[in-house]
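Comments concern the structure below.
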Amino acid sequence: MTFAQRMATMIALILLFQFTAIAQVSISLDRPDGIFSVGETVHWTITLDKDAKLDSLTYSLKLGGLTVVSEGALPTKGNKARLQHQFTAPGAILLELDWVTANGSHNEQLSGAIADPDKIALSSERPADFDAFWDKQIELLKAIPKNTQIQHRHLPENPNIEYAHIQMKNINKSWIRGQMAKPKDNKKLPALLIVQWAGVYPLQPEWAIDKAKEGWLVLNINPHDLPIDREQHFYTEKKEGFLKDYPSIDNESREQSYFLRMYLSCFRAAEYLTEHPDWDGETLVVMGTSQGGLQAVVTAGLHPKITASMALVPAGFDTMGPTIGRKGGWPHWYTNTEGKDKEKVWATSRYYDVANFVPNITCPMLVGIGLLDQTCPPEGIYAGINQLKGYREVLLLPRSEHQSKEGSQDAYTQKLETFWLPALREGTFSVKD
């Protein structure tokens with residue numbers, strides 16, 4: 001066989017693999033928005049491509065993303081199969097479809113539905129001393145001087161933006177580290193606190209600079225006590241070292257949990273913005289995604305001057321969800337108990353359950369919820385957000401898992417960038433009736 005023939009054969013095999021690895025299976029729901037009422041029945045139609053060659057096709061239906069109500073092999077007739085589920089109570093149902101192609105490729109596709117989301121209740125009661133605990137922690141924080149340190153950085157490519165690295169003292173001799181940016185026009189500005197998703201990584205300057213260009217006084221903080229601009233290997237080392245499983249650090253103690261300094265970092269960052277000479281004294285917004293969404297909700301629950309909070313697929317809700325048969329949100333306190341006293345972890349989790357901060361929130365909220373999200377499942381988020389006394393706009397993203405795929409979270413991003421942020425920045429935001 002010549003070299004050209006070998007290359008042609010290789011390309012053909014690659015194309016064959018790509019063809020056979022294509023999904024070959026699609027799911028359609030009889031109601032595209034995925035929202036139903038108790039008593040209604042969800043119908044799914046599963047369609048196989050006409051040339052599909054599968055070794056197996058199985059399914060699982062899970063209430064609350066956890067409790068299996070039906071599973072098994074899925075027979076097809078005329079390249080189609082059908083499934084259904086009747087809702088008997090408010091909540092969500094997740095369909096997991098798995099198949100193996102003739103070449104051994106494993107595939108998965110999700111679909112889901114939710115019934116009466118505004119009626120979903122909490123999995124556990126708020127601790128009676130919840131507010132007293134957090135009032136005490138804030139009091140202890142305020143006793144620690146900020147000792148704010150600012151290092152201005154020159155930005156030749158952005159001459160109209162003032163940019164700096166900042167750090168402030170936090171509890172337990174730790175530091176809050178972040179970046180600030182604002183226009184160089186000496187005007188009073190609305191303030192924007194940007195909080196970060198999970199992981200261990202550097203902060204990118206554009207995350208602050210881009211919003212400063214729009215007219216914000218921006219503070220973007222690292223969730224960890226780490227420098228914000230080291231080389232990637234520095235963060236990889238920390239991620240594989242002492243921060244490998246940071247959510248479980250001291251998770252048996254409400255006074256020592258790793259999340260205590262993170263939550264208080266958010267409070268102190270918001271407090272710093274209220275004291276900044278360039279703040280307009282009116283608008284103080286916090287926003288984040290996943291772990292950042294967790295922090296955005298917590299900040300609004302802790303700091304009374306927050307005027308709006310925006311959270312996409314927020315983590316931290318429903319720590320005790322598994323006790324009533326539904327999956328809790330990351331960091332999955334209920335199951336993150338290896339080598340620990342489970343009862344102590346569960347008791348501690350209730351003081352960090354984001355749902356328990358919601359009753360103290362008085363500002364408007366924008367929340368994006370992924371219907372197919374298995375990291376931060378929809379039921380627990382709804383249960384928490386349903387406690388809001390003030391205005392909220394909740395966007396259920398029917399095709400969204402935790403990460404955005406093929407525009408599955410675009411509805412939230414568009415609402416955030418084209419309405420909420422501009423209206424808040426310009427002072428034209430108004431609560432709808």
Side-chain angles (χ1 to χ4, degrees), residues 138 146 148 150 158 160-164 166 168 176 178-196 203 206-221 263-289 292-312 314 357-358 360-368 385 388-395 412-433:
I138 291 171
K146 290 188 180 71
T148 306
I150 299 175
N158 291 288
N160 298 320
I161 298 297
E162 183 179 307
Y163 175 78
I166 183 172
M168 295 172 275
I176 303 164
Q179 56 183 349
M180 290 199 71
K182 71 180 189 70
K184 290 181 178 178
D185 54 14
N186 295 317
K187 292 181 180 179
K188 295 293 184 179
L189 300 166
L192 176 63
L193 175 60
I194 302 175
V195 282
Q196 291 300 133
L203 301 184
E206 60 267 23
W207 296 344
I209 293 168
D210 288 350
K211 291 305 178 194
K213 289 179 179 178
E214 296 174 6
W216 291 95
L217 167 64
V218 182
L219 175 55
N220 173 213
I221 60 171
Y263 286 20
L264 293 178
S265 292
C266 297
F267 179 89
R268 174 146 280 187
E271 187 81 350
Y272 173 78
L273 285 170
T274 67
E275 299 165 353
H276 197 284
D278 294 322
W279 183 47
D280 64 10
E282 296 180 0
T283 301
L284 177 58
V285 176
V286 60
M287 60 179 276
T289 297
L294 172 159
Q295 295 170 86
V297 179
V298 166
T299 308
L302 288 178
H303 203 289
K305 291 188 179 180
I306 297 294
T307 55
S309 175
M310 286 88 79
L312 174 61
F357 291 84
V358 174
N360 294 341
I361 297 175
T362 58
C363 68
M365 287 199 69
L366 173 67
V367 183
I385 296 301
L388 272 175
K389 301 180 182 71
Y391 175 75
R392 67 178 184 263
E393 184 172 1
V394 180
L395 299 178
Y412 175 88
T413 302
Q414 183 176 12
K415 182 69 70 169
L416 175 76
E417 298 291 347
T418 64
F419 175 70
W420 277 71
L421 286 176
L424 288 163
R425 186 184 66 240
E426 299 302 324
T428 59
F429 183 89
S430 62
V431 174
K432 299 176 182 178
D433 295 331

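Just so you know, these numbers come straight off a predicted model, no measurement behind them.
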NZ/NE/NH1/NH2 to OD/OE distance under 4.0 Å, K146 and E271:
no
Do other residues, nucleotides or ligands put more than 12 heavy atoms under 6.0 Å from Q414 CD?
no
Report yes if the side chains of L366 and Y412 come closer than 4.5 Å at any heavy-atom pair, otherwise no.
yes
Taking the side chain as every heavy atom from C-beta outward, state whether T283 and W216 have any pair of such atoms under 4.5 Å apart.
yes
Can E162 and K182 be counted as an ion pair, charged N to O under 4.0 angstrom?
yes
I need the N158 CG to K213 NZ distance, nearest 0.5 Å.
4.0 Å
What's the separation between atom CG in D210 and atom CG in N220, rounded to the nearest 0.5 Å?
11.0 Å
Of all heavy-atom pairs linking F267 and L302, the shortest is CE1-O, 3.6 Å
Rounding to 0.5 Å, atoms CD1 (I209) and CG (N160) come to a distance of 12.0 Å
Scan L217, T299, V218, V285 and name whichever one has a side-chain contact (heavy atoms from CB on, under 4.5 Å) with L193.
T299
With the side chain counted from C-beta on, respond yes when I361 and C363 share a heavy-atom pair under 4.5 Å apart, and no when they do not.
yes
How about L424 and M310: do any of their side-chain heavy atoms sit closer than 4.5 Å?
yes
Which heavy atom in L189 sits nearest to a heavy atom in G215, and how many Å separate them?
CD2-O, 3.7 Å
Find the distance between CD (E417) and NZ (K211) and round it off to the nearest 0.5 Å.
3.0 Å
Smallest separation among heavy atoms of P364 and V431, with atom names:
CG-CG2, 4.2 Å
Check: L203 and Q196 side chains under 4.5 Å, non-hydrogen atoms:
yes
Closest contact, heavy atoms only, I306 versus A270:
CD1-CB, 4.1 Å
Set of residues satisfying ring-ring contact (aromatic ring centres under 6.0 Å, His included) with respect to F429, sequence neighbours excluded
F419, W420
Measure the spacing between CE of M180 and CD1 of I161 and express it to the nearest 0.5 Å.
12.0 Å
When you look at T274 and H303, which way does the side-chain contact (heavy atoms from CB on, under 4.5 Å) test go after all the steps?
CA-CA 10 Å; T274 67; H303 203 289; 3.9 Å; yes
For a side-chain contact (heavy atoms from CB on, under 4.5 Å) check, start with the C-alpha distance between V195 and C266, then their side-chain angles and the critical distance, and finish with the verdict.
CA-CA 8 Å; V195 282; C266 297; 4.0 Å; yes
Take atom NZ of K187 as the centre, draw a 6.0 Å sphere, and report whether it contains more than 12 heavy atoms from other residues, nucleotides or ligands.
no
Closest approach of A212 and P183, non-hydrogen atoms and distance?
O-CG, 3.3 Å
Identify the heavy atoms of A311 and A296 that sit nearest to each other, and give their distance.
CB-CB, 4.5 Å
The residue among I194, I166, L192 that forms side-chain contact (heavy atoms from CB on, under 4.5 Å) with L219 is I166
Using modelled atom types only, decide if a donor and an acceptor are shared between the side chain of T289 and the backbone of L312 within a distance under 3.5 Å.
no
Non-hydrogen side-chain atoms of M287 and L421 separated by less than 4.5 Å:
yes
Which residues pass the ring-ring contact (aromatic ring centres under 6.0 Å, His included) test with F357, not counting sequence neighbours?
F130, W134, Y263
Output yes when a side-chain donor or acceptor of T148 lies under 3.5 Å from a complementary backbone atom of M168, and no otherwise.
no
